[in-house]
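The structure under discussion appears below in the form of structure tokens.
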Number of protein chains: 2
Amino acid sequence: MNTKHAASFPSLRQSNLVEQVADVLTEAIIARRLEPGERLSEVQLARDMGVSRAPVREAARLLESRGLLVSRPRRGFFVRELDSDDLADVFDLRLCLERHAFQLLAARFTPEMHDALHRQVEIMCDVAKEGDDGRKIEEDLRFHRLVFEFAGNRRLLKAFDDLSHELRLCMALIGRTHADPDSIVTSHWALVEALASGEADNCRAAVDYHIGVARDYVIQGIAPPPSG
Amino acid sequence: MNTKHAASFPSLRQSNLVEQVADVLTEAIIARRLEPGERLSEVQLARDMGVSRAPVREAARLLESRGLLVSRPRRGFFVRELDSDDLADVFDLRLCLERHAFQLLAARFTPEMHDALHRQVEIMCDVAKEGDDGRKIEEDLRFHRLVFEFAGNRRLLKAFDDLSHELRLCMALIGRTHADPDSIVTSHWALVEALASGEADNCRAAVDYHIGVARDYVIQGIAPPPSG
DNA sequence: GTTCTTCAAACTGTCGACAGTCGGCGCTCG
DNA sequence: CGAGCGCCGACTGTCGACAGTTTGAAGAAC
């Protein structure tokens with residue numbers, strides 16, 4: 001992308017500039033209007049967004065900690081590039097975290113949690129019918145985030161939140177995405193059922209299958225099996 | 001090779017103020033010269049360190065992402081407070097990550113890795129004899145970091161690095177620390193032996209025991225069993 | 001004596017500016 | 001014709017300053 005993306009960034013003029021800049025940058029990276037490996041100029045971004053360099057710098061640092069940017073000293077920030085090894089690593093860590101979250105959650109599952117996850121699956125189904133890929137990814141991540149919330153370990157939730165930004169990048173990276181409404185429902189409903197069974201082994205098997213499918217889907221970057 | 005001498009010249013970078021400020025702040029927090037919950041004034045810190053507010057802000061943001069500070073909008077930064085629930089969460093996540101790292105590593109363990117871990121245990125033993133608590137903690141963390149390095153998943157390593165800052169805080173929180181040289185050696189040697197066996201079950205049991213002991217040690221904050 | 005109001009001090013969020021540094025381009029030299 | 005050197009532009013790292021906000025307390029009202 002060349003440097004004339006002034007039109008791409010809606011003008012922003014309220015407090016929380018850092019967060020707004022971070023959101024705009026994140027969206028631009030996910031939408032691939034900023035190409036992987038592309039160098040970001042602080043002054044240019046500041047000009048384009050109509051703010052000074054300070055909020056841009058802080059937002060960039062934030063995105064660096066989230067793994068969306070990498071910084072090289074004295075050279076500035078670059079859009080993170082993900083190779084296939086990175087994808088494998090991300091999904092391997094995700095598997096590690098989700099196994100644990102599901103194990104924790106299975107031991108403290110309540111009807112209220114069951115209802116909440118049920119509602120979320122319905123939302124995902126509705127969104128899938130609309131066909132907005134971005135929202136599909138968001139609602140999918142929201143389902144899994146709910147699991148981590150309910151699991152009860154705040155530090156584990158934070159680890160997932162950290163990883164989720166890279167996950168979002170991975171999912172968006174394959175361009176068009178995500179399965180039909182039916183497979184999304186069945187895929188996630190299986191997870192809820194495993195939780196409801198209270199059996200740790202059921203949960204682990206369901207999670208391994210679910211994450212494995214998502215990983216293969218992203219890594220192959222083609223086929224249209226169930227969702228992630 | 002244009003990079004032939006790179007290794008010969010140890011980090012000559014004097015410049016990076018942000019990193020220096022971050023190091024000073026980190027050390028002060030770990031050493032509890034800054035009390036948990038204490039508010040940090042940017043201007044005051046900048047004055048005390050003889051720099052401007054910009055590097056202080058960036059360093060503070062860095063430490064926030066590491067979980068050593070928390071920021072409240074328009075109120076500034078506060079030293080992170082850890083309650084017993086936080087400790088439990090941290091060690092639960094650590095258990096999750098280390099289980100996975102050991103499982104990965106057991107499947108790719110080489111004699112070179114064995115030697116490296118062996119050497120590290122010897123270093124830890126020497127340091128333990130000296131009695132410097134800070135260095136004991138550092139070398140202990142270095143052992144576990146080696147395991148994550150060898151495990152081969154860079155994203156998993158990053159997750160451990162993120163967590164390690166809070167771990168350091170937890171360990172320093174209990175003030176005096178860490179067992180005698182003998183128990184440190186036997187405790188970590190058991191981990192290496194489990195890795196060498198190549199049996200995933202051995203590894204998991206060894207890790208569960210090792211991390212469990214460390215967790216109980218920190219949470220109780222008193223007893224002098226083996227190390228973490 | 002207690003509570004609400006008001007006010008000043010301090011602080012954060014943001015900005016524009018300056019200096020040192022890095023990468024690229026042309027020039028010189030072999 | 002290729003390689004090394006030095007200059008130029010652009011950019012990052014850092015700084016001091018300004019404005020709006022929060023804090024804490026002094027003072028007024030009850």
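Below, each value reflects all heavy atoms present in this structure, side chains not excepted, and no hydrogens, waters or symmetry copies.
Under the side-chain contact (heavy atoms from CB on, under 4.5 Å) criterion, A/A107 pairs with no residue, sequence neighbours left out. Partners of B/R135 by side chain to side chain donor-acceptor pair (under 3.5 Å), not counting sequence neighbours, listed by chain and number: B/E139. Among residues two or more places apart in sequence or in another chain, the side-chain contact (heavy atoms from CB on, under 4.5 Å) test is passed with B/S41 by B/V43, B/Q44.
For B/R57, the listed nucleotide lying nearest its side chain is C/dG13; candidates were C/dG13, D/dT14, C/dC11. Distances from the side chain of B/N16 to the nucleotides C/dT14, C/dT12, D/dT14 place D/dT14 closest.
For the pair B/E19 CD and D/dG13 P, the computed distance is 12 Å after rounding to whole Å. Protein atom CG of B/L17 is 4 Å distant from nucleotide atom P of D/dT14, rounded to whole Å. Between the P atom of D/dT14 and the CZ atom of B/R47 lies a distance of 20 Å, rounded to the nearest Å. Regarding A/F78, its CZ atom lies at a distance of 11 Å from the C1' atom of C/dG23, rounded to whole Å. When rounded to the nearest whole Å, the span between CD of B/E38 and P of C/dC11 equals 13 Å. If you take CG of A/L40 and P of D/dG13, they are 13 Å apart, rounded to a whole angstrom. Distance, A/R61 CZ to C/dT14 C1': 18 Å, rounded to whole Å.
Judged by distance alone, the side chain of A/N16 and the main-chain N or O of A/E19 form no donor-acceptor pair under 3.5 Å. B/D86 contributes a side-chain N or O that, together with a main-chain N or O of B/D83, makes up a donor-acceptor pair within less than 3.5 Å. For the pair A/H118 (side chain) and A/H114 (backbone), a donor-acceptor distance under 3.5 Å is absent.
A pairwise comparison of heavy atoms in A/L93 and B/N153 identifies N-ND2, 3.9 Å as the closest pair.
Near DNA chain C, defined here as any heavy-atom distance below 4.0 Å, the residues from residues 49-56 of chain B are B/R53, listed numerically.
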Write out a two-atom table: protein N or O, nucleotide N or O from nucleotides 21-23 of chain D, distance below 3.5 Å.
| from | atom 1 | to | atom 2 | distance (Å) |
| --- | --- | --- | --- | --- |
| D/dT23 | OP1 | B/R75 | NE | 3.1 |
| D/dT23 | OP1 | B/R75 | NH1 | 3.3 |

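Here the options are B/V21, B/T26, B/L40, B/V79, the test is side chain to side chain contact (heavy atoms under 4.5 Å, CB included), and the partner is B/L63; only B/T26 passes.
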Could you list the donor-acceptor pairs under 3.5 angstrom formed by side chains in residues 161-169 of chain A, with sequence neighbours left out?
| from | atom 1 | to | atom 2 | distance (Å) |
| --- | --- | --- | --- | --- |
| A/D161 | OD1 | A/R145 | NE | 2.9 |
| A/D161 | OD2 | A/R145 | NH2 | 2.9 |
| A/S164 | OG | A/D161 | O | 2.6 |
| A/H165 | ND1 | A/D161 | O | 3.1 |
| A/E166 | OE1 | A/R80 | NH1 | 3.2 |
| A/E166 | OE1 | B/R155 | NE | 3.1 |
| A/E166 | OE2 | B/R155 | NE | 2.5 |
| A/E166 | OE2 | B/R155 | NH2 | 2.8 |
| A/R168 | NE | A/E138 | OE1 | 3.4 |
| A/R168 | NE | A/E138 | OE2 | 2.7 |
| A/R168 | NH2 | A/E138 | OE1 | 3.3 |

